[in-house]
Every structure is written in C-alpha cells, then in structure tokens.
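Okay, so here's the structure we're looking at.
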Number of protein chains: 2
Amino acid sequence: MTEVVRRSDRTRSAILAAARERFAADGFERATIRAIAADANIDPSMVMRYYGNKERLFAAAAEFDLRLPDLGAVPRTRTGRVLVTHFLDRWEEDETLQLLLRTASTNQAAVERMQTIFASQLLPAVAALHPPSTEPADIARRAGLAAAQILGLALCRYVLRLPPVVTMDRETVLDWVAPTVQRYLTGTPGSSGRRG
Amino acid sequence: MTEVVRRSDRTRSAILAAARERFAADGFERATIRAIAADANIDPSMVMRYYGNKERLFAAAAEFDLRLPDLGAVPRTRTGRVLVTHFLDRWEEDETLQLLLRTASTNQAAVERMQTIFASQLLPAVAALHPPSTEPADIARRAGLAAAQILGLALCRYVLRLPPVVTMDRETVLDWVAPTVQRYLTGTPGSSGRRG
DNA sequence: CTTCGATGTCAACACGCGTTGGCCTACACT
DNA sequence: AGTGTAGGCCAACGCGTGTTGACATCGAAG
C-alpha cells in the first residue's frame, strides 16, 4: 500500500486552507461555501464533493492539536511561563485556535471541539504536574482556571482587540500572566504560587 | 412635557426583550427577525417599523451599563474581590453581557460596543484606584488584564461550558480569581498583590 | 357618528445561501 | 487510437432571509 499522491490532494488542501481562513475571519454562518471555493479557485460543488456538506467541512477545518509540551519535564516553578509562551506561539502560528474561539460562541460543534481539546489535551498535561493520588476535581479545577485566563487573554487580544491588551508586548504579557497561570497550576487560592 | 405612555411601548419592549434573548442564545446571524417577532407575539414588519433594520435592533439590544461600583470607596485590598463579585452578579442578572460576549466573535458592532464599554466604564473605574499622576498606559494595562481574566472566566463558564469551570461554586471562583484581579489592579507583575 | 393617525396584519419581493445533477475535460492504461 | 475514470465546471433547485408596501382595525378627537 504505497501512499499515492492524488491530483485532487492539492485541491483538498486548498479548500481546507481557504475554509480555515474564512471560518476564522467570519465565523461559521458568514463564511460561505461560495466564498471559500472562490478563495481556493474552484467551483463550490467541489467543496461538496470532497467534504459532503458545510458541517463536515467545518469539522475538518477545526481539527486541532495543541502540541502541549510535557509539563512534568520542566522546572516546577516555570510551568506557568512555559504554558503561556506555548499558547502565544500556537495562537500566532496556527489560525485554527482563533477559528475555534470565534466560532465557539455560535456553533455547537465548535463548543464541543473546545471541550474535547480541554479534556483530552490540557487536562492530562496539568495532571502530569501532580501525584496520581491527587483529587481529579482539583486537577480539573486548576486546568479550568488556567484555560479561563489563557482564553480570556486571547479573546481580548485577538477577537475584541482591546487596545491595551493588543499593545502589550510578549514579555510584558508573560510577566503579568505567567504568575497567574503558575498559581492556578501549582499554587493555592490565596498564595503567590509555591507549593509541593 | 408629561411623559405619555404610548400603547406601542409595550410592544417595543417586548421586541427588545425577545431580541436580547434570541441574540444571546443564537448570535447575530442565526437570530432571525421572524423568530424574535414570534417570541414577542407580533408581526415581523413591526420590528422594522420600530427599529428600522436588524442592525439597529441589535444596537438597541446591546445597550449596556456595567453599573460598576466606585472602586475608590472600597478597602484597597478588597477591590479584586468586589470587582469579580460584581461581574458574577451582572452576568447572571442581565443577559446582555452574554449577548455581547457571544456576538462579539462575529459581529463588528458588538466588538466596538465591547471596546466602548471597556474604555468608558472599566477604565475609569480602575483609574480611580491610582493617583492622577499615574501613567495612563499603566492604568490601561491593568484594566486590560483584569478584563482578560474576567471575560475568560465568563467565556469558559457561560459559553464554552467547560465542566470544571461550570461546577465551581461562587466562593471557590472568588477564592481563586479575586487575588488575580487584585494583583492586576494594584500589584506588580511578579508579586501577590500589596503595593502603594 | 365620522375622521384620522397610531397600531397591527398579510402577502410578496429580491437576494444569497447550501446543495444537486448533468455535462465537459484530461489523463492513465490497453 | 480508444476507453474508462477521476477531476472539474455550470446552471439550477428550494429555502429562508431581511425588507417592503398595501391593507385592516382600534381608539380618541371633532
């Protein structure tokens, strides 16, 4: 079974790239099959041929891997900084995260994708920071709080474009936000962050 | 000039209430004039008569006042807790905030409304915590960070419905998030919160 | 009682959408 | 050269939308 490169593969990926761009920019409803097809320089009916319908095209475009590092392998006091840095990178190199954030407000499929990514990618990464005996609810809460902070930052920076949040350079963001995430991951409610 | 109560006022406000509900639940595009009119038990053309078009109806439905307390009047170490408490109340008693959060992802008007609310309501409230000589950029950054944390919490709790964030009771949320906001408002990047 | 504006209904328009099916074209294989 | 098939285009469908204008009804003022 050698992998044959079909001629259609180029078209398929052109459609997917255009779809990601349009969905990220306009959301699910306002991104039209016609516009996506035009961006990919093909006929709208091709989109249907390859992806069946708009929903399935969206599902394909919303496929996403956070590629989280192994948080257990970095110094415990630096996990917050590492995680926030990683997310900033990911936001800026792959528009799929913006796509999900934009569409999740109106699209149930996107919400479910977000929930899945949270449960299957972020949660295990946070769990790696704590002994197996730790209460699952504790770990889940920590992951949820970290997600809230990180997604809120992305929302204000990339979607709402609140001027002061857009202007802040990477280092400033890290200096302020990393300690917060650090506390959520390994600290206690009132404290600044260090704990066993 | 006595205020005359027109018979149409009931209809107007019925439309507005239905519009808020639909926009909050479905977003701008999927909330249809027909559905809103049906909820208000009137004809779709009435909506046009009273609000002109869908955009203006949305603008009317998205009118919002945060009703922020005077942060200068509460003990300095409790501003974080007060602010987060106030937002939790506001989220739950007035669906307009959810409406804005949901629609801002796809609707430019909602984005601008959010930016305006930030600049004209949150920013001054934060400014009241600092001497007039404070750098405006510093105040804006603090307000932006607080907004990111609070909106991220709302996003995960009310829109994405991440289970651990939904489950957390009010007190737990406050114990974790209030110190963060406190630090953003009055602390320094690395610290836990107290400063002049 | 008549009149007239405010309030509300009905039917229809034009448009853009997702989606479909038939047709054309190019290329690999015999 | 002939043929089968994958890749691609075109024109059209049915539908729901925002929006419009003509018509009905109510309630107060003359």
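Basis for what follows: all heavy atoms, side chains included, without hydrogens, waters or symmetry-related copies. Lettering of chains follows the sequences in order, A, B, ..., and the numbering in each one begins at 1. It should be emphasised that the depicted structure is a prediction, and the values quoted were computed from it without experimental measurement.
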Is any side-chain heavy atom of B/I42 closer than 4.5 Å to a side-chain heavy atom of B/V47? yes
Is a side-chain N or O of A/R22 found less than 3.5 angstrom from the main chain of A/I36, in a donor-acceptor match? no
Is there side-chain contact between A/R12 and A/D9, with at least one heavy-atom pair below 4.5 Å? yes
Judged by modelled atom types alone, do A/T186 and A/Q182 share a side-chain donor-acceptor pair under 3.5 Å? yes
Let me check something: any side-chain donor-acceptor pairs from residues 146-168 of chain A under 3.5 Å, sequence neighbours excluded? List them with distances.
unit_1	atom_1	unit_2	atom_2	d
A/Q149	OE1	B/Y184	OH	2.7
A/R157	NH1	A/V165	O	3.0
A/R157	NH1	A/M168	O	3.0
A/R157	NH2	A/M168	O	3.4
A/Y158	OH	A/E92	OE2	2.7
A/R161	NH1	A/Y158	O	3.4
A/T167	OG1	A/P163	O	2.6

Distance, nearest 0.5 Å, that separates CD of A/Q115 from OG of A/S120: 11.5 Å
Range on DNA chain D touched by chain B, heavy atoms, distance below 4.0 Å: D/dT17 to D/dG21
Expected output is a numbered-order residue list: members of residues 19-37 of chain A with a heavy atom under 4.0 Å from any atom of DNA chain C. What is it? A/A31, A/T32, A/I33, A/R34
What N/O pairs connect the protein and nucleotides 4-9 of chain C at under 3.5 Å? Give each pair on its own line.
unit_1	atom_1	unit_2	atom_2	d
C/dT7	OP1	B/S8	N	3.4
C/dT7	OP1	B/S8	OG	3.4
C/dG8	OP1	B/T11	OG1	3.1
C/dG8	OP2	B/T11	OG1	3.1
C/dG8	OP2	B/Y50	OH	3.3
C/dG8	N7	B/R49	NH2	2.4
C/dG8	O6	B/R49	NH2	3.0
C/dT9	OP2	B/D43	N	3.1

Does any non-hydrogen side-chain atom of A/Y50 lie less than 4.5 Å from one of A/L57? no
Excluding sequence neighbours, so at least two apart, what forms ring pair (Phe, Tyr, Trp, His ring centres under 6.0 Å) with A/F23? A/F28, A/F58
Return yes if some donor-acceptor pair links the side-chain N/O of A/H86 with the main-chain N/O of A/R67 below 3.5 Å, else return no. yes
Interface residues of residues 52-61 of chain B with DNA chain D (non-hydrogen, below 4.0 angstrom): B/N53, B/K54
Checking side-chain polar atoms at under 3.5 Å, does A/T172 have a donor or acceptor matched by the opposite partner on A/D175? no
